[in-house]
Amino acid sequence: MGDRRFSEQLTGKDAPDLVYKLMLAEVKILQEMESYTEKRAALDYEYGEKLAKLHEKIKIGESDPHTEGSQVEKAWRTYLTESENKAITIMNNAKNLGGSTQQSIKNLRARKKDTADKFQQQKLKIEAEYLRSNGEADRLQASYQVALKEAGKLKDKLDDLYKKNKSQRDWQKGKERFDDASRKLHMNHNLYFLSIKLLNIHQNHKVYELNPHILDTAQEIETKYLKVWKDIFLEIVDNSSWSREEFMTSENELRQTIDLVSPATEFKHFIAVNKKSKKPLFPHLFDTKLIEDSNATSGLTDDMLAVNDLTHDQLINKKMDLEQDNSIYLDDLVKKKSQLEEENKKLRKMANEDNNNTQYSTILQYSLCQQKLIELKETECKFACTKVQFDSIEDALSRESNPKQPYIDLSPPRPSSSKSNTSLNSTAAGVSNERSDPPERKARSSTLPRTLAKNFRRKSLTSPPKVPVKPRPPSPSVSSDTEGDYDDPESSGGGPKTLAQCDYFHGSVDRSTVTRLLKCDGDFIVREKSGSSADYVLSVLWRGQTKHFILKADDGMYKLEGESFPSIPQLVDHHHQKRSIVQATTGVILVNPIRIAFKPGDGYTYKQTDVRLDQTLGSGHFGEVFKGYLIPLKMPVAIKSCKPKDDVANQKQKFIEEAEIMKPCQHPNLIKLIGVCIDRDPYYILLELCEKGDLLNFLRKESVRLNPQQRIKMANDVANGMSFLERNKIIHRDLAARNCLVKLDMTVKICDFGMSREEEEEGLYTMKETKVIPFKWTAPEVWRYNRYTSKSDVWSFGVTLWEIFSGGKQPYPDKKNHEAKRYVEEGNRLDAPSGTPPSVDELMKLCWLELEQDRPNFQEICRSLKDMRRTKR
């Protein structure tokens, strides 16, 4: 078949599905042929039978003496004779058409359906095996995160014991707990590292060995069936032929059409329609975020196994298991190669006979040989997967001169004689052991203390609630809890605090916002009750469900379970710090207060009198945008205003949500949040000023001065910012040139987070109601299913890339929104603007692939753009 092989031309992920659909379509054609020939045979036989009966009625008598020798009489008698013979021939042909020919069609249809079913089974088996490897890597990654969190928590406690100069005994106990957690972490690291190695080998075998083989096997079998199919066509023509001259033209044309059936051209159109250029594989990468916290990971890296006193025995045992597996696979390979050779001998013998009687047997034998070959390749894949893990372990062990060396060198604190010299001793200990106080780390969700079980027994509970295990992304609204006994606010010297002074009081927020804020079991806030300013509600996430407790005073005292208190802050603080039960029936406890994002004195909150408005820059999602000046910091800023609408409270809430999302997003290619003004209407969001304005207008004004490398650099800036959002599980949902800004130094920054949302389960965000969608920038799955993912942002990036190279032109300029939507639904895409480098054109097409899982992620896009800048292509 040469360059027409399926495996060479159909390189997309959907190639096996397309071939399977082709097989089913051919089976459907055979069903139509079977139905047609059955009806045609009945009609032809009926016609021949009636024609024969007509001749029985018209008996040919003796010639009239007066017409003897007449040419007219002779012609008539010849016609009647030939017509009777034709009736007999038609009846015989109809019997053959409805008998042997139709049986041949049935046999071919059954065999082609069986071939399609076997192909589908092989395809599903290959995919299931790969998904199993992928799922194992995902499971180990999740386990890694849990182990990392536990090790980090225990390391923090160990550092705290050191700083407080506790006794060596206490420190040693803490060290032992940290050792146990680190052992689990390091062992998990190794298993995850090996699973990534296995997954890449498995992916290569699936893409370059298994899938191409089943595609070519299917093509070969389909080609062999073509001769059978062609013979059936000829039988149909022979058994439905009419000898009258007026039918000969159509019959000859049909015969010429049948002669064109050839393996060399049969799949030409199919390949041309579905042909795709080879897409480079993006390897699976170790998740480096897992080892960012060097305080807990103790030297773990993404490029090697951890070999130390915690993992040595694990690696030795794993190596022995892999060695045994390799031996089994090698034996199996020898066995399967022998079986394959035996079946190939049978096939060669049948091929030498080459007669119609063995035609089906030859095809079946070929199919059996290919099945043996796929089994051999599957075993080769398993052997390669285990070998890469074995080699990794052997290499790691051979590189370590002392494989059982301690994973970390920690010394206990020096004992202190009095509290007065605690600080001095701690400092001295830190110098002597080359240690320093651990740097401040990002806040994370708290976990339940060890005393919780004891506290629950005191409350006569049958079992303690589960410890929250879902990891929390770093967020400014999350901070560490303070453990210890409850302190009365009045005894602190500041007097009793009001609810408005509490960080966990969020004022009037709706339940959708509550759901967004509460992410881990034990997270809680206090808010105003909807529709009432007199009552307040304590909202807590527990066992995956949000619980709401109305806080009302009874004779001036507030109570949940247990003691009563004269104020809501005292009630909430007591249950939080004591970890006492809020509701006995469910075991709800308060673990982590979700603090408001902005409050006076936090470095982000300013008064409106601190801001001076200058000129208007334009309008945004919520209102006008101004250029202004922040007086306390003596700096120019961009100011977004919240224009009051009908639903003022909801509008303000969504406006501040945008600022909340921006606050932790500190990246050179994301617009920086300077602060907010929320002391009075209208609310303001203060942003860094980008002097050259939005990217869209900049492109329209300056496009003639921009060379391809400058445009690629702009695209790279956007991709870098989006990669940061992707890593932090934030979906922008409205990426376009109009929502990017340009600094004086030509740096591009992404802005307008008004539609941004954090990912829900499985990495997606589903809109709860229909919104106005910018169809020309939006991926098909959004308008079909209201479903956003980072891969839908990738589609929008492709359109933004098109804008950059078109000089800010409108996408699909000759089409309205609904026309552009239909154009994309039909499989069409934007043509690359004139002068676009081929590599950029290819990247756009990858961003616009129909299946979101086929599109690259932003990390891969950044790598591609970086490579383009380096090679200037």
Side-chain angles (χ1 to χ4, degrees), residues 133-159 162 172 174-202 283-326 385-412 433-435 438-439 441 444 469 471 727:
S133 297
N134 214 329
E136 178 64 10
D138 290 343
R139 184 190 67 78
L140 290 171
Q141 182 184 11
S143 177
Y144 201 135
Q145 290 172 332
V146 174
L148 179 64
K149 179 178 177 181
E150 181 65 17
K153 181 182 71 171
L154 292 174
K155 184 59 167 61
D156 288 344
K157 289 184 177 180
L158 188 61
D159 289 338
Y162 188 96
Q172 192 61 42
K175 172 67 163 56
E176 290 172 0
R177 288 193 292 270
F178 178 54
D179 286 349
D180 289 340
S182 295
R183 180 177 292 104
K184 293 179 181 177
L185 174 62
H186 286 230
M187 293 171 71
N188 210 117
H189 170 90
N190 290 343
L191 294 177
Y192 176 57
F193 181 95
L194 293 172
S195 72
I196 293 296
K197 290 279 187 180
L198 179 151
L199 190 55
N200 282 307
I201 292 294
H202 202 152
H284 297 275
L285 300 177
F286 190 102
D287 186 355
T288 55
K289 288 191 295 183
L290 294 169
I291 54 176
E292 287 177 353
D293 186 359
S294 59
N295 190 49
T297 53
S298 305
L300 297 180
T301 64
D302 64 332
D303 60 347
M304 66 180 62
L305 293 166
V307 183
N308 50 51
D309 57 335
L310 301 179
T311 64
H312 179 263
D313 291 344
Q314 172 211 25
L315 292 175
I316 292 296
N317 291 334
K318 181 68 174 178
K319 179 184 174 183
M320 292 173 63
D321 290 342
L322 292 170
E323 193 170 19
Q324 185 177 5
D325 289 343
N326 282 343
C385 289
T386 55
K387 187 176 186 303
V388 72
Q389 295 185 75
F390 178 87
D391 291 345
S392 297
I393 295 174
E394 190 170 49
D395 178 61
L397 292 173
S398 64
R399 282 189 285 103
E400 293 294 336
S401 58
N402 181 16
K404 286 196 173 184
Q405 64 182 352
Y407 76 101
I408 192 171
D409 183 16
L410 291 178
S411 301
N433 290 294
E434 297 183 341
R435 292 170 54 93
R441 287 175 290 279
R444 54 175 177 268
V469 295
R727 290 195 305 273

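Note that the structure is a prediction, hence the values are computed from the model and not measured. Every heavy atom of this structure was used, including side-chain atoms; hydrogens, water molecules and symmetry mates were not. Position 1 is the first residue of the sequence, and the numbers go up from there.
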Side chains of Leu154 and Glu150 in contact at under 4.5 Å (non-hydrogen atoms) = yes

Do other residues, nucleotides or ligands put more than 12 heavy atoms under 6.0 Å from the NZ atom of Lys319?
-> yes

Determine whether the side chains of Thr288 and Asp302 contain a donor N or O and an acceptor N or O closer than 3.5 Å.
-> no

Any Met187 side-chain heavy atom under 4.5 Å of Leu191 side chain | no

Can you check whether Leu194 reaches Leu305 side chain to side chain, under 4.5 Å on heavy atoms?
-> yes

When you check the gap from the basic side-chain N to the acidic O, do Lys387 and Asp391 get nearer than 4.0 Å?
-> yes

Measure the shortest side-chain to side-chain distance between Leu397 and Ile316 over non-hydrogen atoms and say whether it is less than 4.5 angstrom.
-> yes

Straight-line distance of Ile393 CD1 to Phe193 CZ, nearest 0.5 Å | 10.0 Å

Quick note, side-chain hydrogen bond (donor to acceptor under 3.5 Å, both in side chains) partners involving residues 190-201, not counting sequence neighbours, are Asn190-Gln314

Is there a donor-acceptor pair closer than 3.5 Å between any side-chain N or O of Asn308 and the backbone N or O of Thr311?
-> yes

Has the side chain of Asn188 got a donor or acceptor atom that lies under 3.5 Å from a matching backbone atom of Leu140?
-> yes

List for me each residue that meets ring-ring contact (aromatic ring centres under 6.0 Å, His included) alongside His189, sequence neighbours excluded, and say none if there are none.
-> Tyr144, Phe286

From Gln172 atom CD to Arg177 atom CZ, the distance as rounded to the nearest 0.5 Å | 11.0 Å

How close do Ala151 and Ala181 get, heavy atom to heavy atom, and via which atoms?
-> CA-CB, 4.0 Å

Kindly give the heavy-atom pair with the smallest separation between Ala137 and Leu199, and that separation in Å.
-> CB-CD2, 4.0 Å

Side-chain touch Leu290/Leu300, heavy atoms, less than 4.5 angstrom = no

Is the backbone N or O of Arg139 less than 3.5 Å from a side-chain atom of Ser143, with the two atoms forming a donor-acceptor pair by type?
-> no

Residues in side chain to side chain contact (heavy atoms under 4.5 Å, CB included) with Arg399, at least two apart?
-> Met304, Asp395, Ala396

Calculate, to the nearest 0.5 Å, the distance between atoms CG and SG belonging to Asp325 and Cys385 respectively.
-> 11.5 Å

Gap between atom CD of Gln389 and atom CG of Asn326 - 0.5 Å precision | 9.5 Å

Test side-chain contact (heavy atoms from CB on, under 4.5 Å) on Ile196 and Gln141 and set out the steps.
-> CA-CA 10 Å; Ile196 293 296; Gln141 182 184 11; over 6 Å; no

Flag the pair Lys175 / Leu158 as yes when at least one side-chain heavy-atom distance between them is below 4.5 Å, and no otherwise.
-> yes

Looking at Asp180 and Arg183, does any basic side-chain N land under 4.0 Å from a carboxylate oxygen?
-> yes

Between atom CG of Asp156 and atom CZ of Phe178, what is the distance when rounded to the nearest 0.5 Å?
-> 9.5 Å

